[in-house]
Each structure stands twice: as structure tokens, then as C-alpha cells.
Number of protein chains: 2
Amino acid sequence: MKDGHERKRARGIDRAFDILDHLRAVKSPQRPADIAQALGAPRSTIYDLVNTLLDHGMLEEADGKGAVFLGRRLYFLGLAYDEHFDLTHKVESVMQEITERSSETTQFCMLDGDKYTVALQVEGNRPFRISGDIGDRTPIPWTASGRLLLGGMSDEEILSLIPPEDFTLPGGDRLDVARYLAEIRKAHAAGFFSFDSIVDTFTHCFAAPVRDRAGRCVGTICIVAPKDDAVTHYETYRAMLIEASESLSQTMP
Amino acid sequence: MKDGHERKRARGIDRAFDILDHLRAVKSPQRPADIAQALGAPRSTIYDLVNTLLDHGMLEEADGKGAVFLGRRLYFLGLAYDEHFDLTHKVESVMQEITERSSETTQFCMLDGDKYTVALQVEGNRPFRISGDIGDRTPIPWTASGRLLLGGMSDEEILSLIPPEDFTLPGGDRLDVARYLAEIRKAHAAGFFSFDSIVDTFTHCFAAPVRDRAGRCVGTICIVAPKDDAVTHYETYRAMLIEASESLSQTMP
DNA sequence: GACATAATTCCGGTATAGTGGAATAATAAT
DNA sequence: ATTATTATTCCACTATACCGGAATTATGTC
């Protein structure tokens, strides 16, 4: 990929993680043959790797006959990550409070490789429920958080991180890159960003950064509100998020 | 390991997972050199693997200068596991209820490879707090749950799973294997087990199995109570756990 | 500063992991 | 049953990942 030297074989470890990511993406048990097809990888290789991953508990037999899914060991490793950074504890209580005061859905979002994802969510008690599935990987530019998470990067870094096709919105429209970059700069300076969702037509998204001591944006706290609510309570929500942003950034490692 | 054919090189993927497990065990960022030493693995190999794992987001730079720890991608994979099996949701509400009614610490425990571990915990509001760290890997025979989790296995399977040294208790005493196996059979038949902790001197542990449809024990719900409490409320706690055990086993996949 | 020690990168050889393809087993369709 | 289709295992070849050891760089000590 990176160097000019053309490889003829993939590294097992790369393929192994591809398998895990694929299962995470499709969210359902798959048989080795399906995985091989989906990844465009040699079947014999996938069979071998699946067995290795099963041995390690990174995958588990799912439906008794062939299909596998993510394994318990991944859960425990994830727990260890969570405990170490202690994100959940601190962030979740802040989110609870915001949702209590606003009745809106609150989210904590992070980068996951070159995609955006919702890591934590507290659902508001609105009559209709607003929420993308947590854990889904979404193109960064589609989201309000996508203006904050990359705040620390140069234009070049940003453009080399985001796959070009991710600038095409779900409707097929193309996002203006220069404008996107400008939004990032502005959001970074303001420590806040909000806009009408470009993924749906009825919500407004508020986002504020959570920064580590070095100032890098490790995640965002967001409020996802129906548009009319957002108009009515704009300043309140904005203030709540900025306050949460600052208090959480204090406690980050 | 399994076949007689002696290998001279380890597979990268095996070493990679060893690295992840090691970091989980020590719970703190490590530098590649430390990891290599701790694992008894070639340094150059570990450096290479650590870089690969960093590229994949399975590890993250921790302290700015060299040390790495478990990465975000593991957290997300763990989330996906959790969501799919939906354990947390169902189990946690049951645990909440038990702790509310008993004021004791409730745990949900699982096998993790050849060790026992606490996957979920709701702490009771006793004046002194009872809890081993969640996520720690503990020898199976040291625990009450260790009588239930292996209920579906034959003697041979059990003995080949558990490393011999795990029958040595923390104090140095040796656990009688025949007696341990007998306890497993009895616990399995009763759907319940309890005993005074052998890890500390002041608690009594209650455990009941959570079984999947096939009858295999996927985890245990446990109450960890001070000994005098345990005596006073023995029948109540026992009944609560058995009820929870049965209701949860209904809902398992 | 010089020196000692430890951490990290570099590099070439070889054991072997990843692969294509064939053989076999399982499953579905007829 | 027979056939067609698909899934899985087996096997041998070679590109390369793993590894030992040397070279380099960083870190600490005096």
C-alpha cells in the first residue's frame, strides 16, 4: 500500500484484523466461506485464520454449524481499555446529567481509524427516538463531531486520513472540501460546532470536544435534538455542552 | 504445543495476541522492550508487531515516549461483542435488582480461556467494600463460580484445561483435585454453589449458573457477602440467585 | 563533558505461513 | 437416488515474516 514494492501475499495478522472488523461491521455470525468472499481473500487462508482466532478466543462458534462471531476475549480486552482510560465512568455521568436536564439524546463519539463512531449513548425520552446504532462506523465528514475530532491535524493529514468517497453524502451530493476544512478550523477555535444533520432531515447536532492534556481531541460530547427543540434551546444546549467539554477535558489523562 | 513437531519460530499472530493479553494483565502502558522481556520474545519481533498493532489501532501510544497500551479498536470490538450477545443489558438489570434487595456486591463471571474473570459488577453499599478488580484473570479453582463454569465438561477436559499450578491456593495450600471434581458435579446438579472464599478470610461467595439453550454454562451470577451476612440471609440469597439464574437462562441465545 | 547502559532500528538468512488448486465432504435441488 | 452446488480440508510451493545479531540512537550517571 504505502511503498512501491508490490506484495503478493498479505500478512496473516492484517487479514486476521480484517476478519474481526468485518464481523463487527455486519454484526452477525458468518461462515468462513462468506468471510473469504466478502474480503476477497483466499478461502484456505481464511479457514486457517478463523481456526487460529477461535483458538485464541477472539472468535466464537456461533450457530453450532460453522458460523463464527467476535469472541469473549475481545470483550475483556475492551473492558481493560475502558478501565484504563476510565472514560466510561467520567463521561457517562456527565451524559446522564445532560440528558436529564435537556431530555435529549446525548452521545460520546470518537474516531475509529478513518471513521467516526458513537462510543457511548444516553437516550433522551422524546416521543420519537433519535439514534443511529452505537458502534456503527460512519464517514467522518457526515457528522458534527467530524468538525472537531480532526482539529489538531493539518490539512494534508486530514485529507490523507479521510477516504475520498467519504466526502460524498448519503444522498449522493458532494461535500465541498475547502469549506469542510474551514469548518474544522472554525470549530476547533470555538470549541463547539452544530449544524442540521446531513444524515437525516429532522435533527440538529451539537458537539463539543473532549481534549486530553496535550490538547488533542480524544472525543466529543454531542446532543442530538429535533430541529425545533434545537432552535428553542440553542443557547442552553450550547452552554451545557461547552461546560461539559471543559470539565471533562480537565479530567482526561 | 499440540503436535510433536517442534517449531523454531512463533507465528506473528500468536505473539500479537500475547502482547494484548500481557497489557491487559499488567494494566499499564509498557514499552516494547519491556514487553519483549516479559514475554521472553525476540525484541526485534516485538518492535515489528507493536508497530503493526499501532497501525491497526489495537494499541495506542500511551505516554508520548514509547510506551503503548491497548487501543480503541479493541474497545469497539468489545462493544460489538457485547451488543450482539446482549449480555450486559439483561444481566445488569438483574444484578441491580439483587444488589438493591440484598445490599451485597453482585457479580457476573465468565471463563476467559483457562482462567476465571469478573465481567460485570454491581457494588453493594456495605460500609467496607468487597471487590476484586473486575477483569482480573484468576485461577478457576479458587472461586465458587469455578465449580459451575466447568459443569458441562468431562474430568479429562477439566484437568487438561486448568494449569496444574492453579490448584495451588494463594496461601500455598494444595487443593484436592478429586474433591474439586466432586464439587463441580454436585454444584452442576444443584444449579448452585457457595462457600467461604479461599482468597480472603471474611467473605462467603454464592454462585448460580447462567446457561444457554444447549445447557452449557456461559457465566455465573454471584453474591459476595461478609460471612455473618451470609449466615443470616443464606436462604434468601440462595433463592434470589437461583431465581435470577433461571430467568436469565431463559433469555440466553 | 565522558562514559555506561538501555532502547530502538537495521539487515540478511531461513523456517514457514499464505496461497492456488485439487480433493473431499456436506448440502441443496431434482 | 442422482446430480449440482457449495463448503471445507488437504497439499506442495515459494514469498516473506520471524529472528539473531550488529549498528545506531536515546537515556541516565558520574
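Below, chains carry the letters A, B, ... as their sequence lines are ordered, and counting in each starts from 1. All values reported here derive from a predicted model rather than from experimental measurement. Both backbone and side-chain heavy atoms feed into the values below; hydrogens, waters and symmetry mates do not.
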Looking at side-chain heavy atoms only, is the closest gap between A/Lys115 and A/Thr143 below 4.5 Å? no
Whole angstroms only, please: what is the CG-C1' distance between A/Asp34 and D/dA7? 9 Å
With a 4.5 Å heavy-atom cut-off, do A/Val68 and A/Leu53 have their side chains touching? no
To the nearest Å, give me how far apart CD (B/Gln30) and C1' (C/dA6) are. 16 Å
Tell me: CG of B/Leu49 to P of C/dT8, nearest whole Å? 15 Å
Closest listed nucleotide, where the reference is the side chain of B/Arg11 and the choices are C/dA17, C/dT8, C/dA7: C/dA17
Under 4.0 Å between a side-chain N or O of A/Arg9 and OP1 or OP2 of C/dG20? no
Can you tell me if A/Lys27 has over 12 outside heavy atoms packed within less than 6.0 Å of its NZ? yes
Does C/dT19 have OP1 or OP2 under 4.0 Å away from a side-chain N or O of A/Thr45? yes
Does B/Arg73 use its side chain to pair, donor to acceptor, with the backbone of A/Gly113 at less than 3.5 Å? no
If you compare every side-chain N and O of A/Tyr47 against the phosphate oxygens of D/dT8 (OP1, OP2), does one of them come in below 4.0 Å? yes
Looking at the side chain of B/Arg15, which of D/dT8, C/dT8, D/dC19 is the nearest nucleotide? D/dC19
Distance check needed: C/dT19 C1' versus A/Leu39 CG, whole Å only. 15 Å
If we only count heavy atoms from C-beta on, is the A/Arg15 to A/Pro42 side-chain gap below 4.5 Å? yes
At less than 3.5 Å, do the side-chain atoms of B/Arg31 and the base atoms of C/dA7 form a donor-acceptor pair? no
Hey, which of these two, A/Asn51 or A/Gly12, hits DNA chain D nearer its 5' end, going by closest nucleotide? A/Asn51
Rounding to a whole Å, what distance do you find between A/Leu53:CG and C/dA17:C1'? 14 Å
Pick base, sugar-phosphate or nothing for B/Arg43, based on heavy-atom distances below 4.0 Å to the nucleic acid. base
Would you kindly give the CG-to-P distance between B/Asp48 and D/dG20, to the nearest whole Å? 14 Å
C/dT16 P sits how many Å from A/Ile13 CD1, rounded? 18 Å
How many whole angstroms separate atom CG of B/Asp14 from atom P of D/dC19? 10 Å
If the helix axis at each end comes from five base pairs, how far does the helix from C/dG1-D/dC30 to C/dT30-D/dA1 deviate from straight, to 10°? 50°
Using the salt bridge (Lys or Arg N to Asp or Glu O under 4.0 Å) rule, collect all pairs that involve residues 37-60 of chain B, keeping only residues at least two apart or in two chains. A/Arg11-B/Asp48, B/Glu60-B/Arg72
Quick check: do B/His188 and B/Cys217 have side-chain heavy atoms less than 4.5 Å from each other? no
